[in-house]
Amino acid sequence: MERKLHPVRALTAVLRLTWVELKLFLREPTTAVFVFAFPLVLLFVMGEIFGTVEGSDISFRGFDAMDYYVPAYFGLVAASIGVIMLPAHLTGYRQGGVLRRFRAALVPMWTVLGAQVAAALVLAALGALLVWLFGWLVYGVDRPADALGVAVAFIVTTVCFAAIGALMGALLPAPRAAQGAGLMLFFVMLFVSGTGPPVEVMSDLMVTIGEWLPLEHAVVALQDPWLGYGWNGSELLILAVVALAASWGALRAYRWK
């Protein structure tokens, strides 16, 4: 049975673990590739393909292509942390006996997972900042119409994908299996969620698949306040429900590990 920590001690424990997790993540080559490098490379590719196209039938929701892609790639950064990095990291903890040592030290599981989410938020914020700076410096992308709305959508998106990653880390058997499954899910979402080909050029089947995956909802939730359409409550609600369900499943699964 997990002990109950005083709120101040619990917060201190989460902060300490978050600092340790950040240092561990930053040592991983996967972090440099999928959080900091890959979104910028892909943004550059999309910018060179669509950023200078004039008179195209592709609307990009009525805005320039890069105004469309920059907020979408905030979600892509969060997805890369949630489905590629966290599952492999947590299955490595399971196989290496780290979770058993946490339990022996009477560290509650929610504290461990909370530190993973907090580290994911910090890394995702750094990755998103790089995406915005790149879009601004190279393509002249303006500031968001509603910065607070983008920040709220970004936090909900990152927590959602971190919760999904925690659940995958509890269910998948080994780090290689977790990373393989995460990469497959990541690239499927990339191509059907509006972060790769524009929605207008996708088939009905691709659009339908995208609607069943969380990244498509994250993209719309981030784009709407960025482009001036306001907060999208329905998309935020979907992401929050997925986050709660995945968090509950992860805590239940790790309870029996």
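If you read the sequence from its start, that first residue is 1, and numbering goes on from there. The basis for the numbers below is simple: all heavy atoms, side chains too, and nothing from hydrogens, waters or symmetry mates.
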Subject >> Side-chain donor or acceptor of Tyr69 paired with backbone N/O of Gly196 under 3.5 Å >> reply: yes

**OP:** Give every residue pair that meets the salt bridge (Lys or Arg N to Asp or Glu O under 4.0 Å) criterion with at least one member in residues 224-245, sequence neighbours excluded.
**Re:** Arg61-Asp224

**OP:** Please name all residues satisfying side chain to side chain contact (heavy atoms under 4.5 Å, CB included) with Met202, sequence neighbours left out, ordered by chain then number.
**Re:** Pro197, Val199, Met206, Val207

Original post:
Does anything in residues 18-39 pair up under side-chain hydrogen bond (donor to acceptor under 3.5 Å, both in side chains), and if so which pairs, sequence neighbours excluded?
Top reply: Glu21-His89, Glu21-Tyr93, Glu21-Gln116

**OP:** Identify, with sequence neighbours excluded, every residue that meets ring-ring contact (aromatic ring centres under 6.0 Å, His included) alongside Phe161.
**Re:** none

Original post:
How far apart are the closest heavy atoms of Ala166 and Leu90, and which atoms are they?
Top reply: CA-CD1, 3.6 Å

Subject >> Closest contact, heavy atoms only, Thr195 versus Leu42 >> reply: O-CD2, 4.3 Å

**OP:** Identify the heavy atoms of Gly127 and Phe36 that sit nearest to each other, and give their distance.
**Re:** N-CE2, 3.9 Å

Original post:
So which heavy atom on Gly135 is nearest to which on Val70, and how close?
Top reply: CA-CG2, 4.2 Å

Subject >> Minimum heavy-atom distance between Pro39 and Val131, given as atom pair plus value >> reply: CB-CG2, 4.0 Å

Original post:
Is it the case that more than 12 heavy atoms not belonging to Phe44 sit under 6.0 Å from its CZ atom?
Top reply: no

Subject >> Gly210 backbone acceptor or donor facing Ser193 side chain under 3.5 Å >> reply: no

Just list the side-chain donor-acceptor pairs under 3.5 Å for residues 167-188, sequence neighbours left out, or say none.
none

Subject >> For Leu137, side chain to side chain contact (heavy atoms under 4.5 Å, CB included) partners two or more places apart >> reply: none

Original post:
What residues form a side chain to side chain contact (heavy atoms under 4.5 Å, CB included) with Trp136, not counting sequence neighbours?
Top reply: Trp132, Leu133

**OP:** Output, in order, the C-alpha distance, side-chain angles, deciding distance and verdict of side chain to side chain contact (heavy atoms under 4.5 Å, CB included) for Met46 and Tyr68.
**Re:** CA-CA 11 Å; Met46 293 300 172; Tyr68 172 94; over 6 Å; no

Original post:
Is Asp64 reaching over with its side chain to a backbone N or O of Asp67, donor-acceptor style, under 3.5 angstrom?
Top reply: no

Original post:
About how many Å separate CG of Leu239 and CG of Leu215, when rounded to the nearest 0.5 Å?
Top reply: 9.5 Å

Original post:
Under 4.5 Å between side-chain heavy atoms, hopping through other hydrophobics if needed: is there a path connecting Trp248 to Leu251?
Top reply: no

**OP:** Taking the side chain as every heavy atom from C-beta outward, state whether Leu213 and Glu216 have any atom pair closer than 4.5 Å.
**Re:** no

Subject >> Heavy-atom side-chain proximity of Ile209 to Leu205 below 4.5 angstrom >> reply: yes

Subject >> Test item: Pro214 and Ile164 side chains (from C-beta on) under 4.5 Å apart, heavy atoms >> reply: yes

Original post:
Between Val141 and Trp226, does a side chain to side chain contact (heavy atoms under 4.5 Å, CB included) hold up when you go through it step by step?
Top reply: CA-CA 11 Å; Val141 174; Trp226 183 284; 3.8 Å; yes

List, one per line, each side-chain donor-acceptor pair under 3.5 Å for residues 74-86, sequence neighbours excluded.
from, atom 1, to, atom 2, distance (Å)
Ser80, OG, Phe34, O, 3.2
Ser80, OG, Val77, O, 2.7

**OP:** Just jot down the side chain to side chain contact (heavy atoms under 4.5 Å, CB included) partners of Val152, sequence neighbours excluded, or say none.
**Re:** Leu148, Val156, Trp231

Original post:
Can you list the residues that meet the side chain to side chain donor-acceptor pair (under 3.5 Å) rule with Ser234, with sequence neighbours excluded?
Top reply: Asn232

**OP:** Determine the minimum heavy-atom distance between Cys160 and Ala243, stating which atoms define it.
**Re:** CA-CB, 3.6 Å

Subject >> Minimum side-chain heavy-atom gap Tyr73-Met66 below 4.5 Å >> reply: no

Subject >> Hphob cluster co-occupancy, Val220 + Phe154, side-chain heavy atoms under 4.5 angstrom >> reply: no

Subject >> Residues clustered with Leu237, ILVMFWY side-chain links under 4.5 angstrom >> reply: Val241

Subject >> Thr157 side chain near Leu236 side chain, heavy-atom distance below 4.5 Å >> reply: no

**OP:** Under 4.5 Å between side-chain heavy atoms, chaining through other members, with only Ile, Leu, Val, Met, Phe, Trp and Tyr counted: pull out the rest of the cluster around Val117, sorted by chain and number.
**Re:** Leu121, Ile155, Val159

